[in-house]
Amino acid sequence: MRIDVVTLFPDFMRQCAAVGVVGRAQQRELLQVQTWNPRDYATDNYRTVDGRTCGGGPGMVMLIEPLRKTLEAMREAAPKPVHLIYLSPQGARLTQGRVEALAEMPRIALLCGRYEGVDERLLAHEVDEELSIGDYVLSGGELGAAVIIDAVGRLQEGALNDAQSAEQDSFSNGLLDCPHYAKPVHDALGDVPEVLLSGDHAAIRRWRLKQSLGRTWLRRPDLLAQRALDKESRALLDEFRREHAQ
Ligand SMILES: CN1CCN(C(=O)c2nonc2N)CC1
């Protein structure tokens, strides 16, 4: 998979994509992250990429022309089609389901705005999708792009080793993750739950599922409302609720 990133801070984006699972995915050529800096496509001596907001008011807006040239070069640099995503608070909230869909695409591009944002005419003409990583305002789209690169990159076949793929399964079912413990088994802060030391993998699986269901019920009931529970999950959640009520 190839991810192109249009950003005024290419070094930052390259560093984000160079570490951990995503860095390894790039080394294994499972993923390619390529940056594009609109300043390289600005035609004036000051490499201007922003302009005053029409209608007055604070802040600057990213100019059409440097971005148009940047996107043209980006699109031509590798086989099409490329799905262009603009990061903004006005976008649809990013979910794991959307991440999984993006991870199946051969090529996506991430447009990172700065200042007050990008000229709306450029967005209307070029962008396929707007996505938000949350209901708050950041200084730019780069952190949102880093989130997408990580969440999508780790899903590339071969990016996660066997131990990590279990972690991936625990959330891909739409539930919050269960608690995790490492040695020492006994600590001043408490003990590791006995079931995790039992070697009974079926019991451990049920315990982890019960904890995920219970945590989701307690912390994010909205996620539960979105999914049907099978018989086993309904029974485990009822058990958790009864224990929690005591
Ligand atoms: C122009 N710039 C404004 C700030 N911004 C965000 O707050 C954001 N991006 O993705 N999710 C978000 N929330 C990115 C775009």
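In each ligand, atom 1 is the first atom listed, and ligand 1 is the first ligand listed.
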Handout entry: Salt bridge flag under 4.0 Å for residues E72 and K69
Key = no
Fill in the blank from the handout: Counting from 1 in the order shown, the ligand 1 atoms closer than 4.0 Å to a non-hydrogen atom of V137 are 7 (O)
Fill in the blank from the handout: Going by the 4.0 angstrom heavy-atom rule, the piece of S132 near ligand 1 is both
Handout entry: Y136 neighbourhood, listing ligand 1 atoms whose heavy-atom distance to it stays under 4.0 Å
Key = 7 (O), 13 (N)
Handout entry: Polar side-chain atom of S212 near backbone of C178 as donor-acceptor pair, under 3.5 Å
Key = yes
Exercise for the section: Flag I133 as yes when one of its N or O atoms lies below 3.5 Å from any N or O atom of ligand 1, and as no otherwise. Expected result: yes
Fill in the blank from the handout: If we number the atoms of ligand 1 from 1 as shown, the ones under 4.0 Å from a heavy atom of G134 are 13 (N)
Exercise for the section: Give the intermediate values and the outcome of side-chain contact (heavy atoms from CB on, under 4.5 Å) for residues T7 and N37. Expected result: CA-CA 5 Å; T7 172; N37 188 343; over 6 Å; no
Fill in the blank from the handout: Of L143, L138, I85, V61, the residue with the heavy atom nearest atom 3 (C) of ligand 1 is L138
Exercise for the section: Take every heavy atom of G144, measure it against each atom of ligand 1, and state whether any distance is under 4.0 Å. Expected result: no
Exercise for the section: Indicate whether the side chain of S132 and that of R93 have a donor and an acceptor atom separated by less than 3.5 Å. Expected result: no
Problem - Test side-chain contact (heavy atoms from CB on, under 4.5 Å) applied to R107 and M1, step by step - result: CA-CA 6 Å; R107 190 180 176 202; M1 179 176 187; over 6 Å; no
Completion exercise
Among non-hydrogen protein atoms, atom 15 (C) of ligand 1 lies closest to L87 O, 3.3 Å
Handout entry: Minimum-distance protein heavy atom relative to atom 5 (N) of ligand 1
Key = P89 CD, 3.8 Å
Practice task
Report the residue from L155, V19, V22, V21 that forms a side-chain contact (heavy atoms from CB on, under 4.5 Å) with D150.
Solution key: V22
Exercise for the section: Just need the protein heavy atom nearest to atom 2 (N) of ligand 1, so name the residue and atom and give the distance. Expected result: G113 O, 4.0 Å
Handout entry: Partner of E239 under salt bridge (Lys or Arg N to Asp or Glu O under 4.0 Å), chosen from R206, R234, K210
Key = K210
